[in-house]
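Here the structure is laid out as structure tokens; the discussion comes afterwards.
Quick note: numbers below take in every heavy atom, side chains included, and nothing from hydrogens, waters or symmetry partners.
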There are 2 protein chains.
Amino acid sequence: MPAPAKVSPDSLRAAARRVLERDGQQGLTMQAVATELGVRAPSLYKHLRDRDALVRLVAEDIAVEIGELMARVLADEADAADAVRAIAASARRYAREHPHGYGLIFGPLPEAARARGSAMERSSAAILEAARRLSGEARALESARTITAWMHGFTSMELAGAFRLGGSVDDAWSYGLDHLVHGLAAPA
Amino acid sequence: MPAPAKVSPDSLRAAARRVLERDGQQGLTMQAVATELGVRAPSLYKHLRDRDALVRLVAEDIAVEIGELMARVLADEADAADAVRAIAASARRYAREHPHGYGLIFGPLPEAARARGSAMERSSAAILEAARRLSGEARALESARTITAWMHGFTSMELAGAFRLGGSVDDAWSYGLDHLVHGLAAPA
DNA sequence: ACCTGAACACCGTTCAAGT
DNA sequence: ACCTGAACACCGTTCAAGT
């Protein structure tokens, strides 16, 4: 008589997400996730190679979530500049609402723990499409990379508490976004 | 007869730096640093409150090093646009040469492990001065934050292997830097 | 004064044994 | 088939004991 399964791929992903959001990257341990599932740590090795695979599971869950968010945001905007603004704002908002999760996306993780390209594709696609509209086909990739770099850099610095010289961080956000959108717009 | 000291603040910092560069953030353990110093782990608690303090020690060492590098680079450039370009290039080069170290600067670390503002001041100062020359006094802070965000975002994405859609990453760097320098330059 | 061994709590991981 | 207990290696941390 087989033991009834207590862990499914979905329950595992959901439990890992919950632990990360609650306890951060340090707290995302095999034991904590096992406890969350009402199971002992060794059971998880039926589903995961090791802890890096656990971190990757969560990282990819978040990457997909951000991608879907950006795709939705893009679909709501007709104007190219508005689309870039809205996508950037949604990334910043997501980072604030899920600081531990956002830190998993471009942070310094072991290769085996990083989200793979397939999980990142959708968010790339939305930004690339917005950049294509803004800057034109020929420079779409470079434009998308410029937007993403600024957006991610600003957001991760804000999360790390790196803006310590006073002034309004919101002003700096608007200033950067305005200049980027302006500067990257292809001449009509 | 007191035991001769085997650990000094300088030897500790140097040993921690060596361990980080060799074994990465995960490998930067109390035991590894103790071994590097020819001592047992408990001895380190004479010098450090806990492991977060060890990580902070290295993070601040790197922040100061980057700050000095940028100050030197700035001093070599007369033109504002050239200064911004040279500072950005030096940050990117530093990140390539010290990937584990760079990851400590704006990465998702516990508050107690992050470099404090005092250690970050010099690099802020160089970028702020370059931005002041480029964009003028009134918008110097916002301009510096825009440059830093893009520079750090690009660099950390590159380290994380995030540019996976083909194309030339160097082209994207130049494209972004050109548009930034152009867009942020105050009208003459 | 500074360092060490011993100890404890906790984590990742393996594996033979349970049901 | 899936889960568990026991075990091992390793890490952070404390503290009494060594010199």
Counting side-chain heavy atoms from CB outward, which of D:dT4, C:dA6, C:dC3 is closest to A:Arg40?
D:dT4
Heavy atoms within less than 4.0 Å of DNA chain C: which residues of residues 45-61 of chain B have one? Give them sorted by number.
B:His47
In terms of heavy-atom contacts, B:Ala130 and B:Leu74 come closest through CB-CD1, 4.1 Å
Taking all non-hydrogen atoms of both residues into account, name the closest pair between A:Ala144 and A:Ala131 and its distance.
N-CB, 3.5 Å
Atom CG of A:Leu44 and atom C1' of C:dC11: how far apart are they, to the nearest Å?
13 Å
Nucleic acid contacts - residues 15-35 of chain A versus DNA chain D, non-hydrogen atoms under 4.0 Å:
none
Side chain to side chain donor-acceptor pair (under 3.5 Å) against A:Ser135, all qualifying residues, sequence neighbours excluded
A:Ser143
Any ion pair linking B:Glu158 and B:Arg96 (charged N to carboxylate O, less than 4.0 Å)?
yes
Less than 4.5 Å apart, any side-chain heavy atom of B:Trp150 and any of B:Leu177?
yes
Represent DNA chain D in dot-bracket notation, 5' to 3'. Only Watson-Crick or G-U wobble pairs with both distances under 3.5 Å count; pseudoknot-style crossings use [ ] and interstrand partners use |.
||.|||||...|||||.||
Does the side chain of A:Ser43 get closer than 4.0 angstrom to OP1 or OP2 of D:dT4 through an N or O atom?
yes
Hey, are A:Glu129 and A:Arg133 close enough for a salt bridge, meaning a charged N less than 4.0 Å from a carboxylate O?
yes
Would you say the side chain of A:Val33 lies within less than 4.5 Å of the side chain of A:Val39, judging by non-hydrogen atoms?
no
Is there a side-chain contact between A:His152 and B:Ser156 in this structure, where contact means two heavy atoms from C-beta onward sitting under 4.5 Å apart?
yes
Out of D:dC3, C:dC3, D:dC15, which has the shortest distance to the side chain of B:Val39?
C:dC3
Test: salt bridge (charged side-chain N to carboxylate O under 4.0 Å, His left out). Region: residues 26-44 of chain B. Which pairs qualify, not counting sequence neighbours?
B:Arg18-B:Glu36, B:Arg22-B:Glu36
Throw together a table of side-chain donor-acceptor distances under 3.5 angstrom for residues 81-88 of chain A, partners on residues two or more places apart or in other chains.
{"unit_1": "A:Arg85", "atom_1": "NH1", "unit_2": "A:Asp178", "atom_2": "OD1", "d": "2.9"}
{"unit_1": "A:Arg85", "atom_1": "NH2", "unit_2": "A:Asp178", "atom_2": "OD1", "d": "2.9"}

